[in-house]
Amino acid sequence: MKLNRYHIAAVSAFLIWGFIPFPLKALSGFPSSQILYFRILVSVLTLLLISGTTRREQWRQTFTRFKENGPIEKRRFVLYTLLGGALLTINWLAFIYVVNHVDIQTGSFSYLLCPILTATLGFLILHEHLRVHQWVSVGLSLMSCLLVGTDSIYNLLFSLLIAFSYAFYLITQRLLKDYDKIVLLTLQLLLAFTFIGPTYPWFVGQEAQPITGHFVGQIVLLSWLFTVLPLFLNLYALKELKSATVGVLMYLNPIINFTMAFLYFGEVTSQQKILAYLVIFASVILYNLPIGKKKEVPVSA
């Protein structure tokens, strides 16, 4: 595989996301809902600024396509956009809580599980084909979940919440594949903040902490460096790279999370968890093996 700027963009995006526990841990004294509230606020304001300056044509195309669609397609667009915003909000809130109040290992396990779970949902909802060895990897993933569950059902439930919410989010994005992804994300976060924005006292609750310069700085870092920038890099990579290639590179994210959990944050684990992580990692490798793929026949001139 010849590396180019698209590969570099994809690798950079997942490397950045791999270090996301650092700004989250720096905000561990704040409730997860407060971190989420301001992450969404700063992210959506940044995306609106970018949209107003560099992506006007994409917004025009989106609204033109929406107006030209029939009633059923319009309802589908609104439904999946609302659902995408809700799923992303749930995913972010759960991941923030897990990193700061459970452990980073649980978060990294979620994103190792997520791609295979997404493929399974793709089979069930979108009727996408899975080869035999990929079904075996799905079975291994289930086994890894059982191992985590016997060690801690609490951790397993959070892992599944994070994995399922993001997997379903990716499915909604596939169902809206004809629309610009930045426009969709901006709409989803804007709709999410429309619901939670006016309810700050209720949404954050009595645990809300005073806003400090440290809090603002970490939120800006989280929103710009760990949300908007890797998103652009990932979308740029998808312009030329196959989804399968980006999917494999995505595993850099949980691997870095998992490594940092032990080397920097000093987390400990059990033998069952180690075995579960080895099983899920084996399932990831098995799933991505090019077994049974049809060879591309070069077209003669």
Closest non-hydrogen atom pair, [X] against [Y]:
X: Ser141; Y: Ser283; value: OG-OG, 3.3 Å
X: Ala276; Y: Val148; value: CB-CG2, 3.6 Å
X: Asn100; Y: Ser28; value: ND2-CA, 3.6 Å
X: Leu286; Y: Ser137; value: CD2-N, 3.8 Å
X: Pro21; Y: Asn257; value: CD-ND2, 3.5 Å
X: Pro23; Y: Gln218; value: CA-OE1, 3.6 Å

Measuring from [X]:[atom1] to [Y]:[atom2], what's the distance to the nearest 0.5 Å?
X: Leu124; Y: Leu130; atom1: CG; atom2: CG; value: 8.5 Å
X: Leu15; Y: Leu252; atom1: CG; atom2: CG; value: 5.5 Å
X: Ile171; Y: Phe164; atom1: CD1; atom2: CZ; value: 11.5 Å
X: Leu142; Y: Leu147; atom1: CG; atom2: CG; value: 10.0 Å
X: Leu189; Y: Thr89; atom1: CG; atom2: OG1; value: 7.0 Å
X: Lys74; Y: Glu68; atom1: NZ; atom2: CD; value: 9.5 Å

Taking side-chain hydrogen bond (donor to acceptor under 3.5 Å, both in side chains) as the test, write out the residues that go with [X], two or more places apart.
X: Ser110; value: none
X: Gln209; value: none
X: Thr186; value: none
X: Asp180; value: Arg55

Evaluate side-chain contact (heavy atoms from CB on, under 4.5 Å) for Cys145 paired with Leu160, printing each intermediate quantity in order. CA-CA 9 Å; Cys145 289; Leu160 291 175; 4.2 Å; yes
Do [X] and [Y] have side chains that get closer than 4.5 Å, going by heavy atoms?
X: His101; Y: Ser32; value: yes
X: Thr46; Y: Ser223; value: no
X: Ile125; Y: Phe168; value: yes
X: Tyr111; Y: Ile162; value: yes
X: Phe195; Y: Leu82; value: yes
X: Phe30; Y: Thr212; value: yes
X: Thr172; Y: Tyr169; value: yes
X: Leu222; Y: Ile35; value: yes

Shared hydrophobic cluster for [X] and [Y] (ILVMFWY, side-chain gaps under 4.5 Å):
X: Leu88; Y: Phe193; answer: yes
X: Leu191; Y: Leu48; answer: yes
X: Ile153; Y: Val102; answer: yes
X: Leu225; Y: Ile96; answer: yes
X: Leu146; Y: Leu275; answer: no

Please work out whether the ring planes of Phe38 and Tyr200 are parallel, tilted or perpendicular, with thresholds of 30° and 60°. perpendicular
According to the interplanar angle, ranging from 0 to 90°, do the rings of Phe258 and Phe262 count as parallel (below 30°), tilted (30 to 60°) or perpendicular (above 60°)? perpendicular
Sorted by first residue and then second, give each ring pair (Phe, Tyr, Trp, His ring centres under 6.0 Å) pair with at least one member in residues 217-236; sequence neighbours left out. Tyr6-Tyr236
Has the side chain of [X] got a donor or acceptor atom that lies under 3.5 Å from a matching backbone atom of [Y]?
X: Glu267; Y: Ile104; result: yes
X: Thr199; Y: Trp202; result: no
X: Tyr37; Y: Gly197; result: yes
X: Thr53; Y: Ile50; result: yes
X: Ser43; Y: Ile40; result: no

Decide if atom OH of Tyr264 counts as having more than 12 heavy atoms of other residues, nucleotides or ligands within a radius under 6.0 Å. no
Salt bridge (Lys or Arg N to Asp or Glu O under 4.0 Å) against [X], all qualifying residues, sequence neighbours excluded:
X: Glu73; answer: Arg76
X: Arg174; answer: Glu128
X: Glu57; answer: Arg60

Would you say the rings of Phe95 and Tyr166 are close, in the sense that their centroids are separated by under 6.0 Å? no
With sequence neighbours excluded, what pairs up with Leu187 under the side chain to side chain contact (heavy atoms under 4.5 Å, CB included) test? Trp59, Phe77, Thr81, Val183
Candidate pair Leu27 and Ile219, rule side-chain contact (heavy atoms from CB on, under 4.5 Å), full reasoning: CA-CA 9 Å; Leu27 294 169; Ile219 286 293; 3.9 Å; yes
Step-by-step side-chain contact (heavy atoms from CB on, under 4.5 Å) determination, Phe203 to Leu36: CA-CA 10 Å; Phe203 185 76; Leu36 174 72; 3.7 Å; yes
Could you identify which residues cluster with Leu278, counting Ile, Leu, Val, Met, Phe, Trp and Tyr as linked when any side-chain heavy atoms lie under 4.5 Å apart, either directly or through a chain of such contacts? Ile274
Working note: Tyr277 + Phe281, criterion ring-ring contact (aromatic ring centres under 6.0 Å, His included); need CA distance, chi angles, decisive distance, verdict. CA-CA 6 Å; Tyr277 296 141; Phe281 196 67; over 10 Å; no
Yes or no on side-chain contact (heavy atoms from CB on, under 4.5 Å) for Ile182 and Leu231, after CA distance, side-chain angles and deciding distance? CA-CA 8 Å; Ile182 292 293; Leu231 174 71; 3.7 Å; yes
Residue pairs passing the salt bridge (Lys or Arg N to Asp or Glu O under 4.0 Å) test with at least one member in residues 193-214, sequence neighbours excluded, are none
Scan residues 103-121 for pairs that pass salt bridge (Lys or Arg N to Asp or Glu O under 4.0 Å), counting only residues two or more places apart or in two chains. Asp103-Lys273
For Tyr179 and Gln61, which I'm curious about, is there any donor-acceptor pair between the side chains at under 3.5 Å? no
For a quick check under 3.5 Å, do Asn91 and Ser165 share a side-chain donor-acceptor pair by atom type? yes
